[in-house]
Amino acid sequence: MLDKEYYPQHIEKKWCEIWDKTNPYKAEDNSLKPKYYALSMLPYPSGKLHMGHVRNYTITDVIARFKRAQGYNVLHPMGWDSFGLPAENAAIQHHANPQKWTLDNIAYMKKQLKMLGLSIDWDREVTTCLPDYYKWTQWLFLQLYKKGLAYKKTAPVNWCEKCATVLANEQVIDGKCWRCDSEVTKKNLSQWFFKITEYSEELLKDLDLLKGWGDNVKTMQYNWIGKSQGSILKFKVKEIEGLEIPVYTTRADTAYGITYLVVAPEYKDIEKLTTPENKEAVEKYRENAKKLSEIERLSTERIKTGTPLGTHIINPFTGRVCPIWVADYALVDYGTGAVMAVPYHDERDFDFAKKYNLPMVQVIDGEGFDKDKVYVEKGTLINSAQFSGMSCEDAKKAITEFALENGFGEFKTQYRLRDWLISRQRYWGAPIPIVYCPNCGEVAVDEKDLPVLLPEDVDFSVQGKSPIETSKTFRETTCPKCGAKAVRDMDTMDTFVCSSWYYMRYADAKNDKECFNRDIINKWLPVDQYVGGIEHAILHLLYSRFFTKALRDCNLLDFDEPFSNLLTQGMVLKDGSKMSKSKGNTVDPDEIYQNYGADTARLFILSDSPPARDFDWTDAGVEGCYKFILRVYRLYSKYQNRIKLNYNLDMNSLSKKDENMVREAHISIKKITNDIENEFQFNTVISRYREFTNAIYDYVKNEDEINNDVLSFALLTLLKLISPVCVFLAEEIYSNLGATNSIHEEAWCKYDEKLAKTSSLTLIVQLNGKIKDKIEVEQDLSNSELEEIAKNSPKIKEATAGKAITKVIVVPNKLVNIVVK
RNA sequence: GCCGAUGUGGCGAAAUUGGUAGACGCACCAGACUCAAAAUCUGGCGUGGUUCACCCCACGUGCCGGUUCGACUCCGGCCAUCGGCACCA
């Protein structure tokens with residue numbers, strides 16, 4: 001029996017406990033049903049769920065439940081991205097153990113997730129910080145290492161002083177650390193990289209395959225990979241026999257206008273290129289450049305500086321001798337680290353040449369050229385020997401071909417993407433499975449010795465170095481090759497390595513023989529629907545795409561892209577601004593569960609805004625959704641004696657009113673099904689819940705006219721339609737109506753196309769495109785019938801009196817437009 | 001500077017292929033119920049004009065223009081907001 005009142009706190013708790021025992025949402029590896037993989041980005045266990053999580057997981061959960069009801073074998077897993085700096089920082093602050101801190105947080109958040117009523121297969125839970133997972137992260141590292149895709153090199157890398165570790169390029173946002181927002185500097189260090197640049201072209205090209213991704217994300221990745229087509233031109237150094245400086249340029253057409261050359265402060269041959277007279281000034285300049293933070297150096301407003309090296313190059317096209325300068329507007333890690341300078345046709349070169357009084361030669365002419373200004377537009381070549389008169393586009397090709405034939409140039413495609421720096425000087429990560437042997441050098445740990453476990457005898461109170469360095473047991477080991485005393489690599493892997501393959505592990509989460517079985521992941525992947533925040537547009541989503549391609553090339557799987565469809569959900573705002581602890585406008589999911597229940601939270605967070613747009617959380621909105629839930633419950637509670645699980649609908653014996661109620665149900669099924677299938681427009685789905693509920697309330701107004709079969713059909717249809725969103729409410733009602741199985745096991749409702757429209761419709765009658773009348777008519781009348789009805793409208797007759805009708809446009813089942821002169 | 005997205009009532013928004021602009025909800029207003037309040041139920045709710053009222057008329061989807069019988073929707077040109085990239089040669 002249904003109570004008079006609905007108490008979500010008690011009822012939700014009851015169902016949570018039942019579902020906890022039965023784990024009813026297991027995905028079957030061997031099922032005849034078609035598979036569907038619905039995935040949320042896995043959370044970092046920071047301590048508590050926030051509303052962004054609630055939104056993310058509710059969206060995915062509704063998709064998973066909908067697909068399950070449609071007959072799919074659904075994989076909907078959850079896990080924990082549980083390595084990373086916050087655990088270590090918490091450990092340092094509270095003298096706790098990072099593992100304990102992390103596992104405690106996971107336990108709490110898992111409870112919160114269960115209370116949200118998510119249909120997750122908890123048997124496949126993955127925790128990236130536990131050895132049964134990071135063993136395979138290390139194993140995958142070794143596969144990349146064997147394939148030459150993981151390598152160590154000394155390079156200027158991004159260094160965050162506060163986090164005391166290096167960062168990948170993707171983790172530097174506007175010159176600041178992505179995590180702590182402090183300024184990033186450059187340090188020359190020997191670090192591990194993944195060769196993501198090997199896949200630049202494929203990562204770029206395959207964006208076209210991702211039809212189910214938004215343009216915003218694809219554009220961001222496109223920009224980040226940053227492909228440009230240009231040329232390499234090589235210049236002989238006048239003073240040093242045999243030394244050449246190659247430059248990368250996209251403007252080979254301006255080669256006749258080169259008047260000097262610039263190398264980056266970190267350019268490899270810079271010392272050779274510096275004459276004794278200039279040594280002091282150059283060294284001073286390089287020292288200064290090193291001290292600048294990324295922000296200062298990259299500022300476009302900054303006035304350009306530089307100093308001459310004293311040596312020269314000879315421009316092979318003109319024979320002109322041009323000085324070589326060092327200037328930090330040349331970047332060491334893009335192109336060749338050296339730039340040819342054509343002041344008249346490049347803004348940066350122009351500013352620099354003006355400041356240091358360097359000569360300029362005009363080689364492109366076009367409309368609006370002004371000798372006092374830079375001219376970067378395209379035009380016609382002048383002062384360029386046999387190339388004069390050509391267009392810029394033709395000349396780029398011709399000049400590069402000329403250089404190619406004469407051995408001082410070639411065509412070159414350049415990418416902005418850099419290799420992914422994956423080593424971190426921190427404790428709480430997967431150790432890099434490499435040892436250094438005095439005899440054998442760099443050696444991979446034997447696969448059978450994995451995992452390389454994190455040491456536990458560490459002191460977290462140390463400052464300025466990795467706590468792992470304080471372990472007495474970790475560093476020393478023996479060489480896997482020769483058995484000599486050797487030392488371990490003391491770095492751990494970037495957490496983004498762990499999260500680049502977790503969605504593969506879900507497919508085969510308990511496998512202790514291999515990271516995943518090839519057949520099983522080929523069956524489940526790619527992910528059919530991935531849901532998460534836009535903040536991972538580049539980082540996680542690019543890394544995962546790289547991983548998929550790299551593991552495919554390691555012969556571990558057989559697909560090219562990990563995520564077929566991607567939904568990037570908008571932010572959750574509170575009263576118009578972003579929820580944040582510092583603003584104090586956060587909403588605690590626990591409080592919402594306590595006061596309104598999880599169903600209210602689920603319903604509200606899906607209402608109001610489509611998933612991709614920002615969502616504004618308001619207290620009034622929560623109240624409104626809670627009222628809806630109570631309103632629905634009251635309906636079932638009041639009419640429970642009339643509801644029959646085995647109703648019998650005979651369309652021929654229905655009154656007009658009954659028929660309209662049945663039609664409303666079919667219209668609702670159609671609209672809701674279509675809206676979910678079309679970009680998951682849950683906001684309009686919920687509008688339809690309300691309209692359908694209002695229609696049922698309307699139907700029961702006069703108790704004498706209720707047909708119990710019609711009412712049962714309407715109410716059971718509504719119940720199934722709301723069940724993916726209001727999971728507890730639907731289950732409670734269904735169970736109290738006497739059902740012995742779960743509403744969530746029931747198939748999705750079907751609609752009859754003939755019944756999914758109203759019996760009559762409103763014909764719009766226009767005169768010259770302006771509405772003059774609205775007439776109730778039968779469905780599916782012929783065009784001539786509609787025209788006749790429209791012309792007979794008194795309003796039309798009056799308005800057209802004495803005028804000539806030139807044209808009549810009839811849109812079936814919609815409108816008639818009468819055109820008069 | 002380049003690229004992408006967005007722009008509709010007081011607010012969140014809706015509107016198959018161009019065809020009733022503002023569904024649904026929030027807020028607000030009025031009424032019913034109540035001793036009263038809450039809850040609930042019923043109705044109203046773009047702007048302006050006209051009218052006692054119903055009706056009716058004009059205007060209205062960021063701005064300007066175009067195509068069309070008809071434009072939130074298509075085309076051209078702007079503006080604003082948000083996001084990404086950017087001394088990338």
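Order of the sequence lines fixes the chain letters, A, B, ..., with proteins taken first and strands second; residue numbering starts at 1 for each chain. A quick note: this is a predicted structure, and the numbers were derived from the prediction, not measured.
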d(CH2, A:Trp178; P, B:C85) in whole Å | 15 Å
Expressed in angstrom and rounded to an integer, what is the separation of A:Lys638 atom NZ from B:U40 atom C1'?
-> 11 Å
Just checking, any donor-acceptor pair under 3.5 angstrom between side chains of A:Tyr329 and A:Asp349?
-> yes
Encode nucleotides 14-24 of chain B as B, S and - characters from 5' to 3', where the letter depends on protein heavy atoms closer than 4.0 Å: B to the base, S only to sugar-phosphate, - to neither.
-> SS-B-BBS-BS
A:Glu705 and A:Tyr699: side-chain donor and acceptor closer than 3.5 Å?
-> no
Taking atom P of B:C3 as reference, at what distance in whole Å does atom CD1 of A:Ile225 sit?
-> 18 Å
Less than 4.5 Å apart, any side-chain heavy atom of A:Tyr344 and any of A:Val363?
-> no
Between A:Lys795 and B:C56, does any side-chain N or O lie under 4.0 Å from OP1 or OP2?
-> yes
Syn or anti for B:G9, taking syn as within 90° of 0?
-> syn
Using the side chain to side chain donor-acceptor pair (under 3.5 Å) rule, pick out the option among A:Asn158, A:Asp333, A:Asp419 that qualifies with A:Asn169.
-> A:Asn158
Starting from P on B:A13, measure out to CZ on A:Phe604 and report it in whole angstrom.
-> 11 Å
Spell out yes or no: do the side chain of A:Arg418 and the base of B:C88 have one donor N/O and one acceptor N/O closer than 3.5 Å?
-> yes
Atom CG of A:Asn223 and atom C1' of B:G83 are separated, to the nearest Å, by 11 Å
Taking the P atom of each, how far is B:U50 from B:C11, in whole Å?
-> 26 Å
Is A:Lys218 touching bases, backbone alone, or none of the nucleic acid, heavy atoms closer than 4.0 Å?
-> nothing
Below 4.0 angstrom from OP1 or OP2 of B:G12, is there any side-chain N or O of A:Lys574?
-> no
Taking CG from A:Asp215 and C1' from B:C85, how many angstroms apart are they, rounded to a whole number?
-> 16 Å
Is there a side-chain contact between A:Thr219 and A:Asn223, using heavy atoms and a 4.5 Å cut-off?
-> yes
Taking Watson-Crick and G-U wobble contacts under 3.5 angstrom, with | marking pairs to another strand and [ ] crossing pairs, the secondary structure of RNA chain B is written (((((((..(((......[....))).(((((.......))))).((((......))))..(((((..]....))))))))))))....
Between B:A39 (P) and A:Ile629 (CD1): distance, integer Å = 17 Å
Would you indicate, yes or no, if B:U40 has its OP1 or OP2 atom less than 4.0 angstrom from a side-chain nitrogen or oxygen of A:Arg631?
-> no
Does the side chain to side chain contact (heavy atoms under 4.5 Å, CB included) test come out yes or no for A:Thr249 and A:Val342, once each step is laid out?
-> CA-CA 11 Å; A:Thr249 180; A:Val342 186; over 6 Å; no
Any residue meeting salt bridge (Lys or Arg N to Asp or Glu O under 4.0 Å) with A:Lys807, in chain and number order, not counting sequence neighbours = none
Under 4.0 angstrom between A:Tyr334 side-chain N/O and B:A89 OP1 or OP2 | yes
A:Tyr636, A:Tyr633, A:Phe628, A:Tyr626 screened by ring-ring contact (aromatic ring centres under 6.0 Å, His included) with A:Tyr6, the one that passes = A:Tyr633
May I ask you to say what A:Ser228 touches in the nucleic acid, namely base, sugar-phosphate or nothing, with a heavy-atom cut-off under 4.0 Å?
-> sugar-phosphate
